[in-house]
Amino acid sequence: MSTVEESAPPYTNANNYGAVLTGLFGLIDDAELSRCDPAGIALLRQARDLFWVDFQRRHPGAWDPTPPVG
């Protein structure tokens, strides 16, 4: 009998990069809700923007082209 992992389709590079972005979006949300240092949150947003541009360059059309606002 196969496990879920064995029968699931393989993850693509876009899926893996998307997981990184999703985690980063969540981290920014958590930092804002926790009222963390605004300067640190600004750095997280900078990182998000850099990774977003890189993701779009590597995987055009993989996600909606409009990044979240904030």
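We count residues from 1, following the sequence as given. Computed from heavy atoms alone, side chains included, the values below leave out hydrogens, waters and symmetry copies.
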Spatial distance of atom SG (C36) from atom CD1 (I28) [nearest 0.5 Å]: 11.5 Å

Side chain to side chain donor-acceptor pair (under 3.5 Å) partners for R57, two or more places apart: D54

Closest non-hydrogen atom pair, A62 against F55: CB-CZ, 3.8 Å

Sub-4.5 Å side-chain heavy-atom contact between N13 and R58: no

From CZ (R48) to CG (L27), nearest 0.5 Å: 11.5 Å

Cluster link I41 to L21, ILVMFWY, side chain under 4.5 Å: no

Residues which pass side-chain contact (heavy atoms from CB on, under 4.5 Å) with T22, listed by chain and number, not counting sequence neighbours: W63

Backbone of G26 reached by a side-chain donor or acceptor of D29 within 3.5 Å: no

Sequence-distant partners of A47, side-chain contact (heavy atoms from CB on, under 4.5 Å), two or more places apart: L24, F51

Residue list, side-chain contact (heavy atoms from CB on, under 4.5 Å) with D30, at least two apart or on another chain: none

